[in-house]
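Comments concern the structure below.
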Amino acid sequence: MDYRAVRGMRDVLPEEIPAWERLESTARRLADLAGYREVRPPLLEETDLFIRSVGEVTDIVEKEMFTVRKADHSFTLRPEGTAGIVRAYVQAGYAKRAPLQKLFTIGPMFRYEKPQKGRERQFTQFDMEAIGSLDPRLDVELIDLAARFFEELGIRGLEVRINSMGDGEDRDRYREAVREFVRPNLARYSEESRARFERNVLRVLDSKHPGDVELNQGAPRILDFLSDENRAHFEAVERHLRSIGRTVVVDPGIVRGLDYYTRTIFELHYPDLGARSALCGGGRYDHLVEELGGPDLAAVGFAIGFTGTLLVLEELGLSEALAADAPPVYVAAADPACDDEVFRLVCELRGAGLGAVFDSAGKKLGKQLKAAGTGGHAVAAILGPDELAGSTVQLKVLDTGEQRSVPRDGAAEAIRGILAARGSGAASGERGGA
RNA sequence: GUGGGUAUAGCUCAGUUGGUUAGAGCGCCAGAUUGUGGCUCUGGAGGUCGGGGGUUCGAAUCCCCUUACUCACCCCA
C-alpha cells in the first residue's frame with residue numbers, strides 16, 4: 001500500500017457516516033433549543049492568535065501546533081475552537097452591537113500529538129460558547145446542555161466534575177500557597193512532580209504517583225482562596241445545578257490546561273473509558289475577549305470531542321442500530337437487451353422523487369435480485385422483453401417476495417403505494433438493527 | 001517526547017522444533033438455476049507474509065535495522 005492517511009488522521013467511511021450524522025443532528029437540535037447559533041470560523045488562523053489565547057507555556061502551543069509558513073506569515077490549524085470563535089465575535093463587532101452572543105460550531109481541530117485510543121491529530125469537536133455575560137446561570141445552562149447531549153445519545157452514567165479556578169489574583173495567591181505546601185517535602189516527591197514544581201506547581205497536585213498522592217494529603221484547596229465575589233459565583237453555580245436536578249462532584253483537582261480559563265471549570269467523564277475518560281471539558285474565560293482586542297466581557301463555553309463519544313457509543317452497542325437508508329427501488333434487467341430501458345426507468349423514477357439504482361456490472365437477473373436484497377432496497381422493478389412488449393413492469397417487494405405486474409406508466413405511483421404500506425407498519429429504525 | 005505490544009488475502013485470524021506449490025472463515029465473482037434474491041452445493045479471483053539487511057542448504061518462522069499501526073505515560077476533546 002503506497003499511500004496512507006497521514007498519521008493520526010483517518011477517513012470517515014460511508015459506513016460510519018450515520019453515527020456522525022446522529023452526533024451532529026443531536027448537537028444542532030440542542031443548540032436550537034437553547035438559542036445558540038452556528039458560526040463557522042476558518043480552520044486556519046494566525047499563529048499568534050493561539051499563542052495569545054491558549055497560552056505561551058502550554059503543551060498545545062509549545063509542541064502540538066500544526067503550523068505553516070507562507071510569505072513571512074505564520075498560520076496554524078486551529079487546535080481548539082474557542083479562540084477562533086472569540087476572534088470572529090470581536091471582528092464582527094458583536095461586542096458593541098449585540099454583546100450577548102450564544103454560538104456553536106462543529107468541525108475539525110488539529111493537534112500534533114502522538115495518537116492513541118480516543119486521541120487523534122485531527123479530531124472533531126462540538127463547541128458551545130456564551131459570550132458577554134457573567135451570569136452563573138449560563139455556566140449551568142452549558143453544563144446542562146453538555147450532559148443532555150450525551151443523554152440524548154443514550155449515554156448514561158456520566159460524571160460531572162466542577163471546580164473554580166478563581167481569577168488571576170486568586171490563582172496567584174493559591175499558586176504561592178501550593179508552592180509553600182510542597183516545598184518542604186519536595187525531595188520526597190517523584191522526579192516528575194519535582195519538574196512540575198518549577199514549570200507549573202499546580203500540576204503537582206494532579207500527580208498519580210502513589211507517593212505523591214500521599215504527600216498531597218491536606219494540600220490547600222483553591223476554593224479556600226476565592227475572593228468573595230468569585231466564591232459567590234461558584235456557590236450560585238452549585239445552587240442552580242441543584243435546582244435543576246443536576247448532581248455534580250466538586251473536584252478541586254481539576255486544573256485545565258489552557259491559560260484562558262477563569263472561575264468555573266468543568267469536565268464530563270465517562271468512567272468506564274479508562275485513561276481517556278473526559279468526553280467534555282469547558283469553563284469560563286472571562287478575559288479572553290479583552291485579550292483579543294474587544295472590551296472586558298465575560299464568557300463561558302465547552303467542547304465535546306466526537307472521537308471519545310463515538311467510542312462510548314460503540315462500547316454500548318448503540319452505534320450498530322445506525323444504518324443509512326438505501327434508495328428504495330432497484331431496477332433490474334431480465335435481459336441485457338433491456339438495459340437502455342432500465343436506465344430510462346431509473347431516471348424517470350428519480351424525477352418522480354423515488355430513489356432508484358441499477359446494475360452496472362452486467363449481472364444476470366438472479367444476481368441482480370440478490371444484490372437488491374442484500375443492498376437494503378425495498379422494491380425491485382423488473383424489465384424484460386415481455387414487459388417492454390406490453391408496456392408493463394414487474395414490481396417485487398423484496399422482504400415478502402410478493403410480485404405483481406403494473407402498467408409502466410403507473411410504476412412510480414404503484415411503488416409509492418407499496419412503500420406507504422410498508423412504512424406505516426414499521427417503526428423508525430427497523431432497518432439495520434435486527 | 002518516554003515505554004510496551006503487533007505487522008500473513010478486502011476483513012477476522014491460523015501457520016506445530018526454520019523444510020518443498022502459505023491456509024481457513026467471512027466477504028467478493030461465477031456456475032448449478034439460458035427471466036426471479038435471501039438457503040445449499042461447486043468452482044474462481046485475490047498475498048512482493050509491512051520494508052531492508054543478516055544467519056542458514058533452506059526463513060512467514062531466528063537476529064539486527066527501519067516504517068506503520070496500537071496501547072499506556074505526559075497532556076487533553
Side-chain angles (χ1 to χ4, degrees), chain A residues 1-8 10 13 15 23 54 58-64 78-82 106-127 146 149 190-193 195-196 199-200 203 206-209 254-258 261 267-270 273-282 301-312 330 332-338 359 361-377 379-388 394-403:
Chain A
M1 196 166 296
D2 292 322
Y3 289 103
R4 304 185 53 87
V6 168
R7 185 165 160 79
R10 64 190 201 88
L13 297 173
E15 293 84 341
L23 296 198
V54 172
T58 57
D59 281 356
I60 288 180
V61 168
E62 281 180 343
K63 52 189 186 190
E64 295 176 2
R78 61 184 185 190
E80 57 98 48
T82 304
I106 299 172
M109 311 291 164
F110 303 83
R111 291 186 202 173
Y112 192 84
E113 295 183 272
K114 199 159 174 179
Q116 63 184 69
K117 192 182 181 72
R119 192 172 74 185
E120 299 163 318
R121 287 182 172 178
Q122 175 179 329
F123 56 99
T124 300
Q125 281 190 338
F126 167 38
D127 278 70
F149 173 79
S190 65
E191 187 184 339
E192 212 173 334
S193 286
R196 286 169 168 179
R199 194 156 167 265
N200 186 347
R203 295 283 176 206
D206 216 17
S207 171
K208 289 159 187 104
H209 285 86
I254 302 177
V255 183
R256 311 236 83 235
L258 288 68
Y261 282 113
E267 294 177 351
L268 272 63
H269 286 259
Y270 187 75
L273 210 55
R276 172 63 194 75
S277 70
L279 295 179
C280 168
F302 69 69
I304 287 172
F306 275 21
T307 311
T309 305
L310 288 165
L311 275 177
V312 174
Y330 187 109
D335 186 287
C338 304
D359 167 61
K363 287 183 167 71
K364 298 203 305 188
L365 180 59
K367 302 295 184 185
Q368 290 181 58
L369 290 171
K370 179 176 179 175
T374 58
H377 306 282
V379 176
I382 304 163
L383 285 176
D386 295 350
E387 285 72 26
L388 259 57
Q394 298 285 334
L395 295 184
K396 183 179 182 106
V397 184
L398 285 162
D399 49 14
T400 64
E402 98 186 69
Q403 180 173 335

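Order of the sequence lines sets the chain letters (A, B, ...), proteins ahead of strands, with each chain counted from 1.
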Shorter than 3.5 Å, N or O on both sides, protein versus nucleotides 36-39 of chain B: list them out with atom names.
{"residue": "rU36(B)", "atom": "O2", "partner": "Lys396(A)", "partner atom": "NZ", "Å": "3.3"}
{"residue": "rU36(B)", "atom": "O2", "partner": "Gln403(A)", "partner atom": "OE1", "Å": "3.1"}
{"residue": "rU36(B)", "atom": "N3", "partner": "Gln403(A)", "partner atom": "OE1", "Å": "3.1"}
{"residue": "rU36(B)", "atom": "N3", "partner": "Gln403(A)", "partner atom": "NE2", "Å": "3.0"}
{"residue": "rU36(B)", "atom": "O4", "partner": "Gln403(A)", "partner atom": "NE2", "Å": "3.0"}
{"residue": "rG37(B)", "atom": "O6", "partner": "Leu398(A)", "partner atom": "O", "Å": "3.0"}
{"residue": "rG37(B)", "atom": "O6", "partner": "Gly401(A)", "partner atom": "N", "Å": "3.4"}
{"residue": "rG37(B)", "atom": "N1", "partner": "Leu398(A)", "partner atom": "O", "Å": "2.2"}
{"residue": "rG37(B)", "atom": "N2", "partner": "Leu398(A)", "partner atom": "O", "Å": "3.2"}
{"residue": "rG38(B)", "atom": "N1", "partner": "Leu398(A)", "partner atom": "O", "Å": "3.2"}

- Do the side chain of Gln368(A) and the main chain of Lys363(A) share a donor and acceptor less than 3.5 angstrom apart? yes

- Under 4.0 Å between a side-chain N/O of Arg7(A) and OP1 or OP2 of rC69(B), yes or no? yes

- Item | Partners passing side-chain hydrogen bond (donor to acceptor under 3.5 Å, both in side chains) against Glu387(A) (at least two apart in sequence or in another chain) | Gln394(A)

- For rG3(B) and rG50(B), measure between their C1' atoms and round to the nearest Å. 23 Å

Every protein N/O within reach of nucleotides 44-46 of chain B N/O, cut-off under 3.5 Å:
none

- One should report the stems of RNA chain B, each a stretch of at least three consecutive Watson-Crick or G-U pairs at distances under 3.5 Å, as B:1-7 with B:67-73, B:10-13 with B:23-26, B:28-32 with B:40-44, B:50-54 with B:62-66

- Message: Would the base of rU33(B) count as contacting Lys364(A) through its side chain, where contact means a donor and an acceptor less than 3.5 Å apart?
- Response: no

- Task: Report the residues that fulfil salt bridge (Lys or Arg N to Asp or Glu O under 4.0 Å) with Arg10(A), sequence neighbours left out, ordered by chain and then residue number.
- Result: Glu16(A), Glu120(A)

- Query: Say you pick atom C1' in rG23(B) and the same atom in rU67(B); how far apart are they, in whole Å?
  - Reply: 27 Å

- Message: Quick check on rA72(B): is either OP1 or OP2 less than 4.0 Å from any side-chain nitrogen or oxygen of Gln116(A)?
- Response: yes

- Query: Does the rA77(B) base have a donor-acceptor partner in the side chain of Glu267(A) within less than 3.5 Å?
  - Reply: no

- For the pair Arg78(A) (side chain) and Pro108(A) (backbone), establish whether a donor and an acceptor sit closer than 3.5 Å, ignoring hydrogens and angles. yes

- Item | Below 4.0 Å: OP1/OP2 of rC29(B) and any side-chain N or O of Lys363(A) | yes

- Query: Given the C1' atoms of rA9(B) and rA24(B), what is the spacing between them in whole Å?
  - Reply: 11 Å

- Please walk me through it: do Leu23(A) and Ile106(A) pass side chain to side chain contact (heavy atoms under 4.5 Å, CB included)? CA-CA 10 Å; Leu23(A) 296 198; Ile106(A) 299 172; over 6 Å; no

- Item | For Glu113(A), all residues meeting salt bridge (Lys or Arg N to Asp or Glu O under 4.0 Å), sequence neighbours excluded | Arg119(A)

